[in-house]
Each structure stands twice: as C-alpha cells, then as structure tokens.
Visitor: 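Shown below is the structure under consideration.
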Amino acid sequence: MSNLESRLAELEKLSAPLEPNSQERSNLLNGVNAYAEDFIENTEKRPSYFQSDQKIESLKIDGKSKNLGEILELYHKDVTQRGINPASGGHLGYIPGGGIYTSAIADFLADVTNEYGGMYFGSPGAVQIEHEVLNWLKKVFGYPSSAIGNLPSGGSIANLTALTAARDHFKILENDVSKCVIYMSEQVHHCVQKALRIIGLAKATIRYIPLDEFHRMSADSLKNQIQEDRNMGLTPRILIASAGTTDTGAIDPMNELADIAEIENLWFHVDAAYGGFFILCQDKKEAFKGIERSDSLVVDPHKGLFLPYGVGAVLVKNREAVLESHHYIANYMQDAYKEDMPLNPADVSPELTKHFRALRVWLPLQLHGIDPFIACLDEKLLLTEYFRKSLSENGFILGPEPDLSVSYFWFPRSNNENAFNQRLLELIHKDGRVFLSSTVLNDQFVIRMAILAFRTKKATIDKTMDMILDCLETVKKEFDA
Ligand SMILES: Cc1ncc(COP(=O)(O)O)c(C=O)c1O
C-alpha cells in the first residue's frame with residue numbers, strides 16, 4: 001500500500017464516527033426521542049419561564065467526544081430550563097407559536113436527506129414543495145398566481161426582501177433618497193426600521209401616521225400627510241401597513257389604505273407576520289379585505305401556523321423588482337440554469353444554499369389538513385376574549401378590543417401606577433407559571449398578553465389569572481405598606 005493509500009485508510013477509520021451504524025443511529029434516536037417525550041408530556045406541568053441570571057459555563061466546546069446522555073442532561077439543565085419555554089402554552093409574551101411536533105418530524109426528514117432548497121436543478125422536488133407552499137399562500141391571501149415569493153427564516157428577513165423590492169421598483173437609490181417618503185404607523189414592527197437602514201433608506205423621509213382609538217392607522221391622516229408632502233416637493237413612495245400589530249393586535253384598514261396607495265402610486269406593503277393566518281378564520285375575513293390589493297406581504301408560519309422557529313414567508317406581485325436585487329448567474333452556476341425552469345429560491349433571496357424549510361410547512365399541512373389549524377386560531381381569538389373578561393372582572397383596565405389575539409392591560413392606581421405595574425410584572429416573571437411581557441403605549445407601562453401558542457388552552461388562562469391575582473396581592477401589600 002502506498003503512503004497515500006495507507007493515510008487514506010487511516011483517515012477513513014478516524015472519520016467513521018460521522019456515519020453511525022444502524023444500531024448507533026437507533027440508540028441516538030431512542031435517546032433523543034425519550035427526552036422529547038418527557039419534554040412534551042411534562043411541559044405544561046413545568047414553569048413557562050425560568051428566571052436565570054447565572055452565566056452559562058457548561059456549554060463550551062472542548063473538541064472532545066461525549067455521550068448523548070451527558071449532552072442531553074446539559075441540554076435539559078442549561079437550555080430548556082432557562083429563560084422562556086417557547087413550546088409551552090404558558091408562553092403569552094412577545095409572539096409565541098409553540099412548535100408543532102409534525103413540523104419537527106419534517107425537519108428531521110429534511111436534514112437526513114439534506115435536500116438542497118436553493119436551486120431547482122439541484123432538487124426539483126424540494127423546490128417544487130417551496131412553490132406549492134407559496135401557491136397555497138397566494139390562494140389564502142388572494143394573490144395572483146403570477147406573484148412570486150420566498151420562504152426565508154422569519155418575518156424580519158421577509159420584510160427586508162419585500163422592502164428591497166419596493167426600493168428597486170422605484171430605483172430610489174438612484175435619486176435623492178431624502179425626497180422619498182415612506183409611510184407607516186408607530187405600531188409597525190421594528191424589523192421594518194431595521195430593514196430600511198440595511199437597504200440604504202434610513203435617510204428617506206419617514207412619516208408616522210396617527211392611529212385611531214383601536215391603534216389602527218388613520219386613512220384620513222395618511223391622505224392629508226401625502227398631500228402635504230407633495231406640496232413640499234417630496235415624493236411619496238412606500239406605504240407600510242400591519243395586519244396584526246405586535247403590541248396591540250390591530251389590523252390597519254386594508255381597503256382604505258389600498259385605495260390611497262392606488263391613487264397615489266405607492267408601493268403598498270403589508271406586514272402580516274403575526275396576524276396573517278387569522279384570515280383563515282371565518283369571523284376575521286372581513287377585517288383582512290383589501291390585503292389582496294397589496295404589492296407585497298409577509299406572513300410567518302412560525303407564528304400563526306404554530307411551527308417551530310425558522311420559517312417566514314414573503315409574497316411580491318412585481319417579479320422584476322425582486323429579481324433586480326437577487327438574481328445573479330455566476331460561472332460556476334451555469335449548469336443550474338435551463339430555459340423554462342421554475343424559479344429558483346436563490347433568485348428571490350440573498351440565500352444560495354438553503355435549508356429545505358418548505359418541508360416543515362408542507363408536511364404538517366399534508367398530514368393534518370387545514371381544519372385543525374383554523375380551529376386552533378379560532379380558539380386563540382376566543383381565549384383572548386375569555387382572558388380579557390377575567391381581567392376586567394378582577395379590576396384590571398384593558399386596552400381597546402383588539403382585532404386579533406394580542407392585547408394589554410394594567411392595574412389602576414391613583415399614584416405610582418407605572419411603578420406598581422412594573423413591579424407586578426417583575427413578580428409574574430419571578431413566579432414563572434406563565435410568561436407575559438410588557439410594552440409602553442402612550443407613555444404608559446402596560447402588560448401584554450399574546451395568545452398564539454397552540455398549547456394555550458382555557459386551563460392555561462385560568463392558571464394565568466391565578467398567578468396574576470397571587471402576584472397582585474403581594475404587590476398591593478408592598479405598595480400599601
Ligand atoms: C408584525 C411582526 N412583523 C415582523 C416580525 C419579525 O419576525 P421574526 O421575529 O420572525 O423575524 C414580528 C415578530 O414578532 C412581528 O410581530
């Protein structure tokens with residue numbers, strides 16, 4: 001055997017652990033499955049929030065091999081038992097979703113087969129599945145089949161993609177950016193402001209349009225502002241609306257905004273990352289009317305379809321605008337392009353190599369059908385009503401009735417109201433039975449409730465009320481002492 005051959009034989013042996021044999025694979029899977037079973041079976045019995053200020057030292061990589069049991073112990077102690085448990089029905093903060101099991105199964109399959117999600121040439125089936133998910137979304141939102149789209153990692157990147165298309169449609173960077181006007185409300189998600197910075201529009205003129213008493217953008221104020229801007233010699237360009245605001249669960253008036261966008265030749269973008277899938281609920285269809293007239297929209301399956309984190313969606317009607325910034329053929333990619341091929345996800349996104357994340361949307365929809373998803377969304381709307389009623393009966397002041405499943409409340413005090421409610425939330429976090437977050441609205445500290453985790457049930461809300469009332473009693477004693 002030559003030196004080269006003996007070195008190769010040696011390296012083959014040394015790298016063999018990267019391909020566990022059938023028995024080893026079974027052992028690994030059984031170990032992880034046992035952990036997953038215990039996690040799911042007990043997740044509603046455990047706290048939803050583990051307050052943890054200690055630095056985590058145990059997760060460092062030392063380059064040495066360890067057994068799975070040891071690793072799972074660390075995972076339990078230092079990953080799942082710290083911070084929020086996002087899989088829990090008691091996660092009522094930020095925007096939850098839960099992470100349905102059948103999507104995790106899809107991830108497993110996608111990872112074992114390692115299908116290439118970026119180019120049709122490399123994996124026609126995987127890319128077709130992404131197109132089928134997008135086709136389904138187009139139907140759900142009344143978009144034409146000619147629209148294009150992409151499944152990025154989440155709502156932030158999806159908004160970035162849509163706003164980049166708007167920028168390129170108007171070739172904004174080729175002119176005086178500061179003359180370009182972008183309209184939104186103060187309730188827009190902050191990933192929008194981040195996206196505008198990233199795509200070179202930080203110096204555009206941003207107009208925050210006033211809201212009505214339900215936190216929806218006022219169409220009349222928008223009209224007046226556009227007129228004023230035109231009179232000042234500015235160029236109105238982009239209108240960003242929300243169909244489900246993160247803090248207040250409000251849907252901006254879609255049809256009225258679409259009318260204005262049409263007349264004023266604005267790119268009408270709708271961020272429906274949180275709220276979009278409520279369009280599937282019979283009682284909410286009316287509130288979304290007009291969303292089909294937008295130029296682009298964002299919706300997050302890892303929110304309203306309850307999938308594990310890692311998948312958003314963007315739809316854009318103007319194909320050329322998207323391709324302008326993302327389509328590129330490098331020499332080493334020349335084999336991958338053929339006439340009449342379905343669009344490559346890589347031509348619609350900054351990503352080339354792409355996790356086959358379409359499968360995590362497609363497989364649960366195929367396995368369950370759509371009805372259980374709709375039932376779960378309907379349930380979240382009713383639980384919001386139920387929670388708000390209990391809060392009101394117990395003396396809390398509520399924000400206005402939300403269009404969807406995010407709302408806010410506070411306990412009234414004649415003085416130190418903000419400090420009182422801040423302390424109440426601190427105690428709620430210390431308790432941890434259920435996790436709630438806070439926000440500031442009109443300079444007031446308020447506690448948010450975001451009901452979107454698929455495991456949130458009536459019993460969760462009852463538990464939440466018990467916890468809030470226990471904490472309220474303590475804070476009252478502290479403040480009245
Ligand atoms: C309305 C809205 N848009 C965008 C985002 C950002 O989405 P992601 O966290 O998936 O990037 C969120 C997140 O909560 C949101 O609520």
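Along the sequence shown, the residues carry numbers beginning at 1. Just follow the structure's listing: the first ligand is 1, and inside any ligand the first atom is 1.
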Visitor: Quick check for you: to the nearest 0.5 Å, what is the distance between His131 atom NE2 and Lys138 atom NZ?
Guide: 8.0 Å
Visitor: For the backbone of Tyr94 and the side chain of Arg448, can you confirm whether one donor and one acceptor N or O come within less than 3.5 Å of each other?
Guide: yes
Visitor: Considering only heavy atoms of Ala273, which atoms of ligand 1 have at least one such atom less than 4.0 Å away?
Guide: 2 (C), 3 (N), 4 (C)
Visitor: Which ligand 1 atoms does Ile95 reach within 4.0 Å, using its non-hydrogen atoms?
Guide: 14 (O), 16 (O)
Visitor: Would you check whether Gly244 reaches within less than 4.0 Å of ligand 1, judged by its heavy atoms?
Guide: yes
Visitor: Of all the non-hydrogen atoms in the protein, which one sits nearest to atom 15 (C) of ligand 1, and at what distance?
Guide: His189 CD2, 3.2 Å
Visitor: List ligand 1 atoms under 4.0 Å from Thr246, heavy atoms only on the residue side.
Guide: 1 (C), 2 (C), 15 (C), 16 (O)
Visitor: At a non-hydrogen distance cut-off of under 4.0 Å, which region of Ser156 contacts ligand 1 (side chain, backbone, both, or neither)?
Guide: both
Visitor: Kindly confirm or rule out an N or O of Cys191 lying under 3.5 angstrom from an N or O of ligand 1.
Guide: no
Visitor: Quick one: does Lys303 get an N or O within less than 3.5 Å of an N or O on ligand 1?
Guide: yes
Visitor: Identify each donor-acceptor pair in which a side-chain atom of residues 345-353 lies under 3.5 Å from a protein atom, sequence neighbours left out, and give them as a table.
Guide:
| residue | atom | partner | partner atom | Å |
| --- | --- | --- | --- | --- |
| Asp347 | OD1 | His327 | ND1 | 2.9 |
| Asp347 | OD1 | Tyr337 | OH | 2.8 |
| Asp347 | OD2 | Tyr337 | OH | 3.2 |
| Asp347 | OD2 | Asn344 | ND2 | 3.2 |
| Ser349 | OG | Glu351 | N | 2.8 |
| Glu351 | OE1 | Arg357 | NH1 | 3.0 |
| Glu351 | OE2 | Arg357 | NH2 | 3.0 |
| Thr353 | OG1 | Tyr116 | OH | 3.3 |

Visitor: With distance as the sole test, does Asp300 use its side chain to make a donor-acceptor pair with the main-chain N or O of His302 at under 3.5 Å?
Guide: no
Visitor: Within 45 degrees of the axis of the six-membered ring of Phe277 and under 6.0 Å from its centre: does Lys303 put its NZ or CZ there?
Guide: no
Visitor: Where's the contact between Asp300 and ligand 1, heavy-atom distance under 4.0 Å: side chain, backbone, both or neither?
Guide: side chain
Visitor: Closer than 4.0 Å to some heavy atom of Tyr274 - which atoms of ligand 1 meet that?
Guide: 16 (O)
Visitor: So, do Ile199 and Leu160 sit near enough that their side-chain heavy atoms are less than 4.5 Å apart?
Guide: yes
Visitor: Examine the side chains of His215 and Asp403 and answer whether a donor and an acceptor come within less than 3.5 Å of each other.
Guide: no
Visitor: Which of these, Leu452, Val270, Val299, Asp271, has its nearest heavy atom closest to atom 3 (N) of ligand 1?
Guide: Asp271
Visitor: Determine yes or no for a side-chain-to-main-chain donor-acceptor pair under 3.5 angstrom, with Arg360 supplying the side chain and Pro308 the backbone.
Guide: yes
